[in-house]
There are 2 protein chains.
Amino acid sequence: MFMKKKRPSLKDIAEVLNISTTTVSFVLNGKGAEKKISKELIARVETYLKEINYKPNLVARSLRTGSTRVLVFMVEDISNHFFSKVGRLIEDICYKNDYRVLFCSTENNVKRTQELIHLFHERQVDGFIIVPPPGIEKEISYLLENEVPVVLFDRKIPELEADYVIINNYEGAKQSTQHLIDSGYKNIAFITIDLDQIQMHDREAGYRATIENAGFEPQILKLPYNTSNVVASREKMKDFFKSNKNIDALFFATNYLSQSGLKAIHQIDPQLINKLGIISFDDSGFFEMYSPTISAFAQPVDEMANQLMKILLNKLKNKEKPKPVKLVLEGTLVERESSSKK
Amino acid sequence: MFMKKKRPSLKDIAEVLNISTTTVSFVLNGKGAEKKISKELIARVETYLKEINYKPNLVARSLRTGSTRVLVFMVEDISNHFFSKVGRLIEDICYKNDYRVLFCSTENNVKRTQELIHLFHERQVDGFIIVPPPGIEKEISYLLENEVPVVLFDRKIPELEADYVIINNYEGAKQSTQHLIDSGYKNIAFITIDLDQIQMHDREAGYRATIENAGFEPQILKLPYNTSNVVASREKMKDFFKSNKNIDALFFATNYLSQSGLKAIHQIDPQLINKLGIISFDDSGFFEMYSPTISAFAQPVDEMANQLMKILLNKLKNKEKPKPVKLVLEGTLVERESSSKK
DNA sequence: GTGAAAGCGCTAACAG
DNA sequence: CTGTTAGCGCTTTCAC
């Protein structure tokens, strides 16, 4: 018969060393000097802590302090090149500020996002960076009302007084479209997603304005948004490409649409790709690897990460809330083989 | 002057309703009937809980119960197709068992992995599924000693008495190599990583045995493992391909090596890919999308997820530890365009 | 059927 | 300089 060895607590340590838990706690938290505990005692405690490889119970600490020092970065899909890049940068900034950060993917699914928000809020995380899926307004308001620090990212929610960092989608779509026009393409189609999200509307509007301004005809394919059925989407793209043979260039509204589109193009005819101009909104590691390499309108990931964290850390520090920060950044066109002059 | 509205606690609720916290707690946890609380009281409490949209403080609950009902799935890179697929399946099983699961990437970095293990252990997660990077033995032993449920995945650590779920890498490499031989390739090179990990050794051994058995010459390129310097790796591949013109097929030891290799091949000559036989260990969403589509040796993701969770849930339930479960599963060859007969 | 009260492990105000 | 102690919000035993 044996007992499960219980993890030692501060109290256990205090008993062994014949001192109070207060002293141990102070030393543990590096407040020994500040609290004027003698060098010898500090050394004795630290040695013992190291010896038994003591790990404090952070659940208890969090309950006591009311802070977990954990933040959450909640995006549509953390494996997406754009989000993972920003995530990585954010992680570094968090560590420097003695915060930890957890990543998770909403898959643009409201229900899943609600669950994630509650999961983390109930576990008392200190703050959120969220790419809000459509329909999540209520949960965001809930966090706001409860004065949980939240910064929106990639999309804003117009009716909400929340901080956000986004890019100028309209301008990016204009530049991308204009680039294809400048490269000599005349029948440029826009492939987008049938989702009532402001950033998608802006991209479409940018495309439309540029095409019409050049005296061309907009041609738009709107795919239903359902990650589960990529095959059906690809079939729709194939049908669209086949029945609109006049198209000589494609502008994809997101990087995952591009990837699906490239596959569709390949399935129609492996040579077809070399006859089309292609550009994608959002960059991807994949684009540099494809043959030909694929042009993209890239978002300013460094600046986004810096700004997001600056806003969030500020909210974490100052409990009284200032006016929401609303940031609209500019992206840059990355010209690769797929959009060169034909 | 206003006060930050504190989240209501069980005590607040009890006061408002003029009952004890015990009763509220019982109702909250669905134990009303079991504890024979009157239907009316249950209804009254539930109504009020809903009305104020009460969210329990799970940090407090965890401190009290000693369980967070959170598990961690710690892999090399969660954006890797193989790991994200398994992760998704595991997530479903967790939810069904009323556990939550957190995902994170070790990047095969020991220091990072140590920090992650401690981060989560200090926060009292209930269990771990870990793809162990080389050099992490000590931390895993630490968890084992503290009787934290751990299951290793994708790789075992021979000197450790830990549960694990892996595949037969030797057999998979043999099948993959044999498939290239059967397709008529004669000079098959193996591209691998210079990492002292058992699964890499097994893959190499499987390749070597099959090649020698067919009377051919093994040709192996070992790249240094450093995710940071993909460009340098790619340059090494290019040099290797250029200075070994006799090579007519390539067997990549991991899916990320394949992706890097495909890029190298493209950079040498966009047409070169069509002259080479290619197969990759581990499948990837990318392979189905590439032109040509890339063959792969795929791991049995469903079975892996099921077995991992079966083992972990069992450990969570039965505190006395049984003998470690050591599972070696078989993968399957997915034949695509890149390895067809030339 | 319901409530009082102890206690999970930690921090920090206060006392000495 | 160090210790006593209250209490974070919750669960659960025991009492009535």
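Hydrogens, waters and symmetry mates play no part in the numbers below; they use all other heavy atoms, side chains included.
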Distance alone, cut at 3.5 Å: any donor-acceptor contact between the side chains of B:Asp77 and B:Ser79? yes
A:Lys36 atom NZ is separated from D:dT2 atom P, nearest whole Å, by 12 Å
B:Glu34 CD to D:dT11 P, straight-line distance once rounded to whole Å: 14 Å
Length of the line joining A:Ile42:CD1 and D:dC1:P, which is rounded to integer Å: 10 Å
Is B:Arg155 close enough and on-axis enough to B:Tyr164, meaning under 6.0 Å and within 45°, for cation-pi? no
Whole Å only: how far is the CD1 atom of A:Ile13 from the C1' atom of D:dG3? 17 Å
Looking at B:Phe26, is B:Lys35 sitting on its ring face, NZ or CZ under 6.0 Å from the six-membered ring centre and within 45 degrees of the normal? yes
Whole Å only: how far is the CG atom of A:Leu63 from the P atom of C:dC8? 13 Å
Under 4.0 Å protein heavy-atom contact, by nucleotide of nucleotides 10-16 of chain C - B base, S sugar-phosphate only: BBBB---
Using whole Å, report how far CG of B:Asp12 lies from C1' of D:dG9. 10 Å
For B:Arg7 and A:His121, does a side-chain donor sit closer than 3.5 Å to a side-chain acceptor? yes
Side-chain donor-acceptor pair under 3.5 Å between A:Asn318 and A:Asn314, yes or no? yes
The side chain to side chain contact (heavy atoms under 4.5 Å, CB included) partner of A:Ile13 among A:Leu28, A:Val27, A:Val24, A:Thr23 is A:Val24
When rounded to whole Å, the NZ to P distance for the pair B:Lys39 and C:dG1 reads 10 Å
